Amino acid sequence: MDLKTVKSLIDASACRTDADLKIRNVKIVDVYNKELFPSDVYVKDGYIIGFGGDRKAQEEFDGKGRFLIPSFIDSHCHIESSHLSPAEFSDAVVPCGTGTVIADPHEICNVTGLDGMQYMLDASKDIPLSVFLMFPSCVPATPFEHSGAVLSAEDVRAYIDNPRVLGLGEMMNYPGVNGADEGVIAKLGEAYRLDKIIDGHAPSIAGAALDSYVSAGIETDHECETPEEAYDKIRKGMYVMLRQGTACQNVLQILPAVNERNFSRFLFCTDDRQPQSITREGHVSHAVNLAIRGGLDPFIAISMATLNAATCYRLRDRGAIAPGKRADFFLSSSLEEGIVPEEVFLKGKLVAKNGKTIAKARHIEPVNVSGKMDVKNFSIDSFSLKLKSNHARVIDIIPGGVVTGAGEAYVKTDDDGNWIHDPGKDILKIAVIERHHGTGLHATALIRGYGLKHGAVATSIAHDSHNIIVVGDNDEDMLHSVEKLIETGGGITMFKDGRELGTHRLEIAGLMTDDSLGNVTECLDKMHEICERELCVNKDIDPFMTLCFMALPVIPSYKLTDSGLFDVVSFSFVDNCL
């Protein structure tokens with residue numbers, strides 16, 4: 001806040017000048033005292049200047065006795081997972097009561113490097129939603145796959161001074177931290193230099209391994225699976241995020257760890273949330289309501305989504321309804337029965353009403369982040385899966401998350417050892433094809449639990465390096481699917497008997513589109529329906545998001561990268577046969 005604004009706020013607060021806005025007749029949610037109090041609220045230059053009193057205001061808004069709640073803060077998200085550009089993402093989540101997000105552009109930076117970082121900064125500037133970024137710490141996520149870029153400590157230094165870059169993004173390389181890897185330490189040092197926060201990513205890490213991880217100055221984690229794990233991480237000084245994404249949902253799972261003594265160390269995040277989830281359920285609001293329905297005190301739940309997040313990320317100008325804080329809040333007719341943002345104000349301006357934005361956010365032309373498809377030496381032979389025996393390793397899908405099982409099965413092969421699809425078994429071929437540097441690298445494996453019956457599904461979203469990933473029961477449809485993605489510049493597509501069933505184009509790095517939330521949701525709804533009707537994909541999984549995570553070699557157990565089948569437990573490549 002500049003000194004001119006400070007003086008203006010003091011003068012208006014002291015009644016020497018008029019306020020810009022008076023919100024009258026509201027019940028304010030006080031996240032400091034954890035109580036309600038009735039009052040009017042006055043706003044000047046986008047900031048709250050006080051409650052009640054005999055102040056004058058140029059404009060009045062009748063709250064009609066409703067609850068006035070600070071806008072929510074998403075403590076960790078990947079905007080790319082919404083498939084939307086930052087402007088369209090703002091239009092999607094602001095009506096849900098979200099006023100601020102801490103976004104990790106890890107996905108687009110894995111495809112386009114620093115061009116992706118710059119695009120996210122530029123595209124999220126001057127839009128209603130406050131977007132802060134964490135500089136991605138792990139590009140590539142591991143040395144066991146090939147991404148579009150490699151970001152070093154020097155790259156971190158070039159951006160971390162930016163006031164909108166709050167620190168270093170999720171440190172997935174916990175073996176590198178534990179082993180005091182020089183490259184990892186150099187990146188951490190850039191955050192130390194400016195006393196900026198470092199986000200964590202430490203699934204199932206405990207004991208001495210967790211001690212060394214936290215000793216490195218890593219302050220948050222969003223990967224807890226049990227209340228006991230969350231409690232242990234709180235004990236060791238971390239903030240723990242209750243995550244409610246589309247594939248990974250653990251609010252209710254972790255909720256028993258939250259109590260009146262430790263709740264100040266808990267936050268909410270969405271991590272990866274797809275457009276249909278936002279449209280139908282909400283954003284951070286959905287997580288808050290789940291927690292309240294699960295028995296959490298509403299004042300504690302709201303504090304976790306506002307004050308706690310602001311405190312953790314040192315955003316001192318927001319997170320509460322109080323003098324000197326940004327006038328970011330919304331009105332809801334209910335609290336314990338379910339919070340529904342009816343009118344949303346950001347910087348004291350009405351920006352959304354009844355689930356719709358008042359005006360569209362500012363869009364910019366994507367620069368240096370489109371058309372990122374460089375696939376060479378690719379043919380139908382790329383899908384060949386030759387096995388040394390018919391006793392094979394299988395990636396087992398576990399519905400409800402991104403963890404997979406280390407499965408095995410006896411499968412059919414021809415006289416040359418090539419895998420043959422058995423319609424009586426739910427085992428399919430999966431392939432990953434490098435798309436960034438034309439290396440011609442590709443790998444194939446087997447997967448169980450997807451449920452597809454004759455056809456193929458492919459996507460250019462494949463966490464974390466985002467190569468092309470395709471699953472199918474025949475090489476011809478798999479080939480058509482990959483060729484379609486190369487032609488369109490990325491997205492999601494489906495084929496059956498050589499016929500295109502549907503394609504969702506993602507022209508920004510093969511991850512996002514500048515199309516509207518409505519169009520994206522409609523397209524994906526149709527594709528989900530086709531997946532179920534035409535391809536018979538397992539109803540217990542999200543066919544596209546599940547596929548996206550089958551190439552993620554930092555989450556157990558088996559995953560597939562463009563270099564081969566990877567055992568995350570042993571952190572090594574393994575043969576397709578046992």
Side-chain angles (χ1 to χ4, degrees), residues 23-31 34-39 41 61-75 77 82 89-101 128-130 242-246 249 251-252 255 267-270 273-309 318-321 326-359 517-518 521:
I23 307 282
R24 60 184 174 86
N25 188 21
V26 291
K27 296 187 285 285
I28 298 168
V29 173
D30 177 359
V31 294
K34 308 295 183 284
E35 65 181 13
L36 294 173
F37 71 96
S39 182
V41 177
F61 188 93
D62 186 2
K64 300 178 181 178
R66 290 174 292 172
F67 300 97
L68 189 74
I69 302 171
S71 67
F72 294 144
I73 300 173
D74 189 344
S75 299
C77 73
S82 72
F89 180 76
S90 174
D91 290 343
V93 305
V94 164
C96 302
T98 302
T100 301
V101 299
L129 181 71
S130 288
L242 277 65
R243 171 175 56 186
Q244 197 68 17
T246 295
Q249 305 175 355
V251 167
L252 295 179
L255 198 60
L267 318 171
F268 286 109
C269 80
T270 62
R273 195 156 175 82
Q274 291 204 316
Q276 305 102 305
S277 301
I278 297 171
T279 299
R280 292 172 187 150
E281 299 172 336
H283 194 237
V284 180
S285 55
H286 179 54
V288 172
N289 282 331
L290 275 178
I292 293 172
R293 295 186 193 113
L296 193 63
D297 181 283
F299 295 102
I300 290 178
I302 292 169
S303 296
M304 287 165 53
T306 56
L307 181 62
N308 291 10
R318 66 197 70 203
I321 309 296
R326 281 172 53 112
D328 292 356
F329 46 72
F330 62 85
L331 290 158
S332 173
S333 295
S334 59
L335 199 63
E336 296 185 21
E337 302 81 9
I339 295 169
V340 180
E342 292 158 0
E343 282 100 4
V344 180
F345 292 78
L346 297 178
K347 288 299 291 286
K349 303 294 183 183
L350 181 63
V351 295
K353 184 174 182 178
N354 297 328
K356 302 291 183 182
T357 56
I358 303 297
L517 171 66
T521 302

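This structure is a prediction, so every number in the text was calculated from the model and none was measured.
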_CA sep, side-chain torsions, deciding dist, call: Q244, E281, side-chain contact (heavy atoms from CB on, under 4.5 Å)_ = CA-CA 11 Å; Q244 197 68 17; E281 299 172 336; over 6 Å; no
*Report, as yes or no, whether the 6.0 Å neighbourhood of atom NZ on K347 holds more than 12 heavy atoms from other residues, nucleotides or ligands.*
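It does: K347 NZ has more than 12 such atoms within range.
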*Evaluate whether atom NZ of K349 has more than 12 neighbouring non-hydrogen atoms of other residues, nucleotides or ligands under 6.0 angstrom away.*
no
Checking [X] side chain against [Y] main chain: does a donor-acceptor pair fall under 3.5 Å?
X: S75; Y: F268; value: yes
X: S303; Y: L307; value: no
X: E342; Y: S333; value: yes

*Would R318 and S130 satisfy side chain to side chain donor-acceptor pair (under 3.5 Å), going step by step from the backbone distance to the final call?*
CA-CA 11 Å; R318 66 197 70 203; S130 288; 3.2 Å; yes
Locate the shortest heavy-atom distance separating [X] from [Y]; write the atom from each residue and the value.
X: P70; Y: A320; value: CG-CA, 3.9 Å
X: A92; Y: L517; value: CB-CD2, 3.6 Å
X: V340; Y: S332; value: N-OG, 3.1 Å
X: V94; Y: V344; value: O-CG2, 3.5 Å
X: K64; Y: D62; value: N-OD1, 2.9 Å
X: I292; Y: A301; value: CG1-CB, 3.7 Å

Approximate separation, where rounding is to 0.5 Å, of [X] [atom1] and [Y] [atom2]:
X: D328; Y: T306; atom1: CG; atom2: OG1; value: 11.5 Å
X: L129; Y: T100; atom1: CG; atom2: OG1; value: 7.0 Å
X: R66; Y: S334; atom1: CZ; atom2: OG; value: 11.0 Å

*Test D297 against K34 for side-chain contact (heavy atoms from CB on, under 4.5 Å), laying out the working first.*
CA-CA 9 Å; D297 181 283; K34 308 295 183 284; 5.7 Å; no
*Begin with the C-alpha distance, continue with both residues' side-chain angles, and end with the deciding distance and a verdict on side-chain contact (heavy atoms from CB on, under 4.5 Å) for L335 and I302.*
CA-CA 10 Å; L335 199 63; I302 292 169; 3.7 Å; yes
*Would you sort out whether V351 and T357 count as a side-chain contact (heavy atoms from CB on, under 4.5 Å), showing the intermediate values?*
CA-CA 6 Å; V351 295; T357 56; over 6 Å; no
*Would you say the side chains of D74 and T98 form a donor-acceptor pair under 3.5 Å?*
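No, no side-chain donor-acceptor contact under 3.5 Å.
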Under a 4.5 Å cut-off applied to non-hydrogen side-chain atoms, are [X] and [Y] in contact?
X: R273; Y: T246; answer: yes
X: I339; Y: F330; answer: yes
X: F299; Y: D30; answer: no
X: V29; Y: L68; answer: no

*H283 and F89: aromatic ring centres closer than 6.0 Å?*
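Yes - the distance between ring centres of H283 and F89 falls below the 6.0 Å cut-off.
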*Hey, what's the ring geometry for F61 with F345, parallel, tilted or perpendicular (30° and 60° as the breaks)?*
perpendicular
